[in-house]
Chemist: 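Just passing along the structure, written as structure tokens.
Each residue takes its place number in the sequence, starting with 1.
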Amino acid sequence: MNFLALLLILKIGLSLALLVRPFMMAPTKALNNVMSLYGDNPLIYRLYSIAILSLCVAYGFGLYEALAGRMPWNVIAFGIVSNAGAALALTALNSHPKLRPFEATFATIAAALVLCALAPNYALMSI
């Protein structure tokens with residue numbers, strides 16, 4: 001086990017528990033309340049859930065590579081863009097207090113992925 005593998009396990013677990021499951025299964029009114037949006041159509045939430053699920057699949061392939069001691073550069077790159085972009089978008093476009101923990105989580109994961117990219121030998125070092 002190494003730091004990058006632990007980070008990817010954390011990212012996959014949090015994404016499945018806090019994003020995929022609720023956005024796929026929660027009632028539209030509950031999601032609208034959390035997201036400060038309005039409307040009766042759950043399509044955008046379900047599509048978002050599927051997009052995050054596909055990212056989890058890709059993170060899974062990165063986890064496989066990290067556990068084998070290989071640096072999954074493509075996963076690192078899209079993870080930085082995805083997580084930093086989410087943190088910036090939430091910060092810039094939505095000041096709803098309920099979403100602030102997500103801002104911090106996405107920013108922290110992006111920063112950790114940047115550190116992994118800057119120090120790949122440490123990221124893959126057994127712990």
Side-chain angles (χ1 to χ4, degrees):
M1 187 67 63
N2 54 54
F3 175 77
L4 180 57
L6 288 174
L7 179 62
L8 292 174
I9 289 168
L10 176 70
K11 175 60 181 173
I12 293 167
L14 286 174
S15 294
L16 291 173
L18 300 177
L19 297 174
V20 173
R21 184 174 178 272
F23 280 91
M24 186 59 77
M25 304 174 116
T28 304
K29 287 186 181 193
L31 292 169
N32 284 346
N33 184 38
V34 172
M35 299 301 294
S36 298
L37 297 175
Y38 304 97
D40 295 327
N41 192 340
L43 180 62
I44 193 71
Y45 297 127
R46 305 314 183 238
L47 289 172
Y48 176 72
S49 179
I50 292 167
I52 298 301
L53 183 60
S54 68
L55 285 173
C56 287
V57 170
Y59 282 121
F61 284 109
L63 175 59
Y64 176 80
E65 292 296 312
L67 289 171
R70 296 182 294 268
M71 193 66 169
W73 290 107
N74 54 344
V75 173
I76 297 293
F78 80 70
I80 292 169
V81 171
S82 174
N83 288 285
L88 289 171
L90 285 170
T91 301
L93 302 174
N94 192 338
S95 60
H96 198 285
K98 292 180 183 177
L99 298 178
R100 293 216 176 97
F102 287 97
E103 293 172 21
T105 302
F106 289 134
T108 301
I109 291 171
L113 288 169
V114 167
L115 291 174
C116 288
L118 293 174
N121 292 336
Y122 291 108
L124 295 174
M125 188 182 300
S126 292
I127 53 173

Chemist: Can you sort out the partners of Leu16 under side chain to side chain contact (heavy atoms under 4.5 Å, CB included), two or more places apart, ordered by chain and number?
Modeler: Ile12, Val20, Leu53, Cys56
Chemist: With salt bridge (Lys or Arg N to Asp or Glu O under 4.0 Å) as the rule and sequence neighbours excluded, what pairs involving residues 25-35 come up?
Modeler: none
Chemist: Quick one: ring-ring contact (aromatic ring centres under 6.0 Å, His included) pairs with a partner in residues 27-58, sequence neighbours left out?
Modeler: Phe23-Tyr45, Phe23-Tyr48
Chemist: With sequence neighbours left out, which residue pairs that include part of residues 107-124 fulfil the side-chain hydrogen bond (donor to acceptor under 3.5 Å, both in side chains) condition?
Modeler: none
Chemist: Return the set of residues passing side chain to side chain contact (heavy atoms under 4.5 Å, CB included) with Leu115 (not counting sequence neighbours), or none when no residue passes.
Modeler: none
Chemist: Can you name the side chain to side chain contact (heavy atoms under 4.5 Å, CB included) partners of Leu67, sequence neighbours left out?
Modeler: Met1, Ala5, Leu63
Chemist: Suppose we screen for ring-ring contact (aromatic ring centres under 6.0 Å, His included). Which residues come up paired with Phe106, at least two apart in sequence or across chains?
Modeler: none
Chemist: Are there over 12 heavy-atom neighbours, none belonging to Asn41, within less than 6.0 Å of that residue's CG?
Modeler: yes
Chemist: According to salt bridge (Lys or Arg N to Asp or Glu O under 4.0 Å), does anything in residues 68-88 pair up with another residue at least two apart or in another chain? List the pairs.
Modeler: Glu65-Arg70
Chemist: Ile50: what forms a side chain to side chain contact (heavy atoms under 4.5 Å, CB included) with it, not counting sequence neighbours?
Modeler: Met24
Chemist: Is there any salt bridge (Lys or Arg N to Asp or Glu O under 4.0 Å) pair reaching into residues 113-127, and which pairs are they, with sequence neighbours excluded?
Modeler: none
Chemist: What residues form a side chain to side chain donor-acceptor pair (under 3.5 Å) with Asn33, not counting sequence neighbours?
Modeler: none
Chemist: Using a 6.0 Å cut-off, check whether atom CE of Met125 has over 12 heavy atoms from anything other than its own residue.
Modeler: yes
Chemist: Output every pair passing side-chain hydrogen bond (donor to acceptor under 3.5 Å, both in side chains) with a member in residues 49-63, not counting sequence neighbours, ordered by first then second residue.
Modeler: Tyr59-Asn83
